[in-house]
K.L.:
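Pasting in a structure now, in structure tokens, and then I'll have a few things to ask.
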Amino acid sequence: MRRPHLAIAASLLLVSGCASIGADESLSEVQTTAAQRLGDLQVQLNPGDASDAVAAAVATLLERPLTAEAAVQIALINNRRLQADYAALGIARADLVQASLLANPSFSAEILVGNGSVSPAFSLVQNIFSLVTLPTRRTVASSALESAKLELGARILETAAATRRAYYTALADQQAAGLLRQVTSASEAAAELSERQTRAGNLSRRDQSVQQAQYAQAVFQLARAEARLASDRERLNRLLGLFGDQVTWNLPDRLPEIPAAKPQLDGLETVAIQHRLDLAGARQDLQTASYSLDIGRQLRLLSVLGLGIDVERDPDSKKWLTGPRVNVTLPIFDQGQGRIAGLEAQRRRTDRTFAALAIEVRSEVRETYARLIATHDSAAFYRTKVIPLQQQILAENQRLYNGMLISVYELLRSRQDQINAAREYIEALHDYWLARSDLERALAGPIPITPTASIEPANPKLALIPGDQP
Amino acid sequence: MTSRRSFLSLSGTMAAAGAAIGIAKASAQGHAGHGPAAADQEPQRRSPQLTTGTAPSAHTRVPRPPADGAFRPVVTPNGSSLPWIMKDGVKEFRLVAQPVKREFAPGMVVNAWGYNGMTPGPTIEAVEGDRVRILVKNEVPEWTTIHWHGMRLPNGMDGVGGLTQLHIPVGKTGVYEFTLEDPATYMYHPHADEMVQMAMGLMGFFIVHPRNPATRAVDRDFAIMLHAWDVKPGTATPNVATMLDFNIWTFNSRAFPGTDILAVRAGDRVRIRLANLSMTSHPVHLHGHHMLQTATDGGTVPEGGRWPMNTVNVPVGSTVDVEWIADRPGDWALHCHKAHHAMNAMAHDLPNFIGVSQGGDLQRRVNALLPQYMAMGSSGMAEMSQMDGMPLPPNTLPMLSGKGPFGPMEMGGMFTVVKVREGLAPGDYRDPGWYRHPPGTVMRVLDA
């Protein structure tokens with residue numbers, strides 16, 4: 001991965017400085033977790049303030065052709081949905097504060113009037129049950145806060161992954177549209193030549209119509225590709241939170257080539273199990289449910305335990321009587337059976353959800369790994385075999401054309417075939433970068449590459465001749 | 001190569017027998033040592049990658065007359081005649097049918113089959129009444145036979161595989177022996193898997209000279225075999241299944257500008273023996289002279305049956321002898337008059353751009369996609385002959401070729417030049433260079 005440009009790093013620092021004014025430590029914890037998992041990418045989270053600094057940083061990042069890393073950086077500081085999710089962290093934190101507070105004491109007063117006398121009575125009761133359960137409630141709430149942090153971290157990684165996917169798709173479609181423009185240009189030239197031939201009386205209207213129809217087909221294909229590209233850009237605009245003048249960003253000319261090395265599967269599942277934040281979140285949910293169940297069990301018979309003092313004036317003696325007051329619910333009808341059953345079920349559910357997610361994560365790693373290898377092989381095959389073959393065919397056709405052995409139409413068609421092979425290569429490369437994004441998402445982090453890794457292609461037909469390794 | 005060594009040793013033996021072969025070098029068209037266009041080799045069109053071996057020289061080897069003066073030998077341009085040895089009063093010839101690399105012209109070498117290292121095979125020459133024995137060794141990868149095309153001979157010597165003889169298996173030698181009955185221009189070729197073996201180039205002349213050398217005597221006697229090949233551009237091996245779509249047309253398995261010139265002394269009586277083993281007829285046209293057709297493969301045409309002509313049609317599977325007095329010094333074209341047969345590789349289904357402008361913005365737009373593209377055909381195809389720098393497919397001759405003293409000759413295939421000159425020595429077949437025209441005898445272009 002490329003190191004961010006100095007100016008970009010500076011703008012990000014500026015954002016972080018401003019953002020830290022209202023930042024709470026949970027957010028910076030999440031930021032650290034996410035940064036660890038996004039490789040050496042500089043991560044700055046922005047809860048939504050410092051809009052000028054953010055806009056400046058975004059503008060700097062958009063100045064040059066957008067890279068995948070820059071796109072992710074913009075998404076993390078500028079995606080409004082992510083900012084909304086940061087607020088969820090505030091909710092969980094507020095819940096924790098709330099859970100740390102004592103219940104208020106209750107005061108009651110009564111005045112009995114009758115028989116010529118007035119009897120006031122007062123009681124002050126503190127529900128000490130809440131005092132007893134305060135530590136456990138705090139435990140549950142801070143566990144919930146941990147869950148919220150992990151969930152937010154997972155959201156950040158999801159956003160980064162979605163941004164990468166959208167980025168590579170937009171870039172691939174932009175490149176394909178460029179190639180289709182060339183195809184269209186070739187068709188247009190052929191159509192115009194045929195029109196000139198027909199005007200001179202050298203080509204039948206039928207044959208000329210065939211050329212025109214091919215041109216029309218190319219124009220249609222190009223229009224479709226351009227519409228697709230417009231959608232791609234909008235998807236990226238949404239992820240990057242861009243609007244107005246900001247949407248005129250540029251992409252580089254071409255997708256990055258595939259790297260030489262292929263990762264190895266060994267240990268990847270373990271990496272994923274260790275790093276996946278959604279899995280950690282599920283584990284935390286299980287923890288929270290366990291705490292809740294424990295508390296529920298401890299206090300199943302008791303829901304109110306009030307201790308207080310009663311003051312009452314005796315109507316006969318006119319004296320004030322004072323005495324303690326105990327307020328207890330009697331577990332005769334409700335012994336918390338339903339609540340405990342519910343908490344048990346909740347715990348079971350979180351337990352199974354966690355187990356299911358762990359299995360899914362492992363499978364996801366294997367699947368995306370296999371896809372990465374397959375797409376790597378396909379892209380390498382296209383680059384080292386198919387593309388040179390098409391170039392060879394075109395060069396030979398040019399020679400044939402030089403000798404008046406084929407027509408200019410065949411030559412132009414050969415050029416189109418070559419361009420179409422390049423489009424298929426772009427598609428293969430696109431598949432590769434999507435697979436790579438997906439594997440990174442599955443691992444919740446960068447793909448560890450063993451430099452010596454040499455993996456045989458899964459499909460032996462894609463085996464490259466020794467010596468032309470990409 | 002064993003066969004080459006045996007050929008050389010045979011030459012030695014034959015010198016002793018008094019019929020030595022003299023080697024006189026004659027140059028291919030446009031490569032004359034003293035022609036104005038001698039330097040034009042068009043090296044960029046050579047394609048070494050398809051040439052796996054060194055192509056045997058396709059220079060004309062002019063045979064020396066036999067010591068006994070029994071006949072005046074023919075000259076096979078770009079070829080030679082077959083030596084023999086005498087054994088018990090029988091002239092014994094040896095032919096080896098084998099795969100050969102034949103250079104059709106500089107820049108094109110064909111994976112052909114031939115005899116004794118060449119196609120057409122060496123010309124067999126003998127005399128009416130001779131007893132001949134021909135040993136045919138088969139080194140091509142399938143069985144073969146030889147049919148002595150046009151001759152009257154015992155049925156069992158006619159060479160039709162299956163009908164009159166066993167096929168000669170691969171690696172074996174077949175022996176033909178018969179007495180030559182009638183003087184004429186004959187051919188030899190396989191009559192076994194004939195389509196394939198002739199498409200690959202197995203063929204040759206068999207000249208039976210009259211017993212009396214004075215009969216029909218001429219000063220210069222040439223033999224030219226007409227043939228057609230389908231060697232797709234960028235390939236080297238003839239397509240043996242082609243019936244109509246041939247693209248290379250040859251005189252003695254050479255295509256212009258690979259064809260050697262015919263050097264003739266002014267005033268010579270000249271004979272050209274033409275034979276056709278292609279699948280279409282060839283109207284061969286001589287410039288500047290009137291010819292008479294003096295013989296067919298059935299023998300001499302009686303004098304009263306000859307009529308003057310400029311163009312003689314050579315039918316499929318026939319030979320034709322024409323004669324004329326070369327009384328006009330100059331460089332005279334000799335070519336098949338089917339225009340496509342005097343061109344090299346070309347396509348026949350190209351879109352027609354005659355009179356269609358392809359230039360301006362359109363050329364620029366196509367160049368954006370194809371930088372090497374150049375619009376062609378708007379005014380004709382002459383520009384083809386000027387496109388020296390443009391690379392062609394490997395092993396492919398340009399459609400229009402040859403450089404003359406006045407510019408591109410725009411020819412190919414069945415085309416050569418008869419160079420009639422004063423004062424050539426008898427037996428001198430070397431290229432005398434381009435004709436020096438007497439002042440005032442060349443067309444001029446008006447300034448206006």
Side-chain angles (χ1 to χ4, degrees), chain A residues 178-211 214-215 218 390-422, chain B residues 44-45 47 107-108 231-235 247 343-385 387-401 412:
Chain A
L179 291 171
L180 276 170
R181 256 187 292 282
Q182 294 186 4
V183 169
T184 307
S185 168
S187 294
E188 187 190 15
E192 182 163 344
L193 270 175
S194 69
E195 173 61 35
R196 290 185 188 188
Q197 268 193 300
T198 302
R199 275 203 306 269
N202 297 23
L203 190 73
S204 72
R205 187 51 75 183
R206 172 203 163 276
D207 290 347
Q208 196 264 334
S209 302
V210 170
Q211 296 293 344
Q214 283 170 359
Y215 174 41
Q390 285 294 339
Q391 269 159 357
Q392 175 81 30
I393 292 169
L394 180 62
E396 293 300 328
N397 275 330
Q398 177 70 54
R399 285 164 174 265
L400 286 169
Y401 174 78
N402 292 348
M404 278 196 170
L405 297 163
I406 60 167
S407 70
V408 62
Y409 297 115
E410 284 168 276
L411 184 61
L412 284 167
R413 206 145 43 238
S414 175
R415 179 75 168 103
Q416 289 178 27
D417 289 346
Q418 186 222 16
I419 296 169
N420 284 331
Chain B
Q44 72 278 11
R45 286 182 175 148
S47 54
M108 184 180 191
V231 184
K232 296 270 182 281
T235 72
N247 61 356
M343 293 170 79
N344 288 325
M346 65 174 294
H348 301 280
D349 52 356
L350 286 180
N352 186 358
F353 280 104
I354 284 276
V356 180
S357 158
Q358 303 173 77
D361 179 48
L362 191 55
Q363 165 93 32
R364 272 196 303 282
R365 266 153 47 204
V366 177
N367 278 144
L369 294 162
L370 299 160
Q372 293 176 53
Y373 163 81
M374 197 178 106
M376 290 188 287
S378 289
S379 55
M381 294 189 185
E383 57 202 353
M384 265 295 290
S385 58
M387 288 179 22
D388 274 354
M390 310 266 285
L392 293 184
N395 210 43
T396 302
L397 299 174
M399 177 173 82
L400 305 177
S401 193

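Proteins come first, then strands; the chains are lettered A, B, ... in the order of their sequence lines, and each starts at number 1.
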K.L.:
Which residue pairs pass the side chain to side chain donor-acceptor pair (under 3.5 Å) test when at least one of the two sits in residues 369-380 of chain B, sequence neighbours left out?
P.N.:
B:Q358-B:S378

K.L.:
Does the side chain of B:V231 reach to within under 4.5 Å of the side chain of B:M108, using non-hydrogen atoms?
P.N.:
yes

K.L.:
Please rank A:L400, A:I419, A:L394 by heavy-atom pairs under 4.5 Å with chain B and give me the top one.
P.N.:
A:L400

K.L.:
Under a plain distance cut-off of 3.5 Å, with no hydrogens placed, do A:D207 and A:Q211 share a side-chain donor-acceptor pair?
P.N.:
no

K.L.:
Which one of B:N344, B:N247, B:L362, B:V366 has the most heavy-atom pairs closer than 4.5 Å to chain A?
P.N.:
B:L362

K.L.:
Looking only at heavy atoms, which two atoms of B:T396 and B:G234 are closest? And how far apart?
P.N.:
OG1-N, 2.8 Å

K.L.:
With chain B as the partner chain, list the residues of residues 404-412 of chain A whose heavy atoms fall under 4.5 Å from it, by residue number, and write 'none' if nothing qualifies.
P.N.:
A:M404, A:L405, A:I406, A:S407, A:V408, A:Y409, A:L411, A:L412

K.L.:
Can you list, pair by pair, the side-chain donor-acceptor contacts under 3.5 Å of residues 345-352 of chain B, counting residues two or more places apart and other chains?
P.N.:
unit_1	atom_1	unit_2	atom_2	d
B:H348	ND1	B:H340	ND1	3.3
B:N352	OD1	B:I354	N	3.0

K.L.:
Going through the checks in order, is the side chain to side chain contact (heavy atoms under 4.5 Å, CB included) test met by A:Q418 and A:I393?
P.N.:
CA-CA 8 Å; A:Q418 186 222 16; A:I393 292 169; over 6 Å; no

K.L.:
Using atom types as modelled, flag every donor-acceptor pair under 3.5 Å from a side chain in residues 186-194 of chain A to any protein atom, sequence neighbours excluded.
P.N.:
unit_1	atom_1	unit_2	atom_2	d
A:S187	OG	A:V183	O	3.2
A:S187	OG	A:Q416	NE2	3.2
A:E192	OE1	B:R365	NH2	2.9
A:E192	OE2	A:R196	NH2	3.1
A:S194	OG	A:A190	O	3.4
A:S194	OG	A:A191	O	2.7

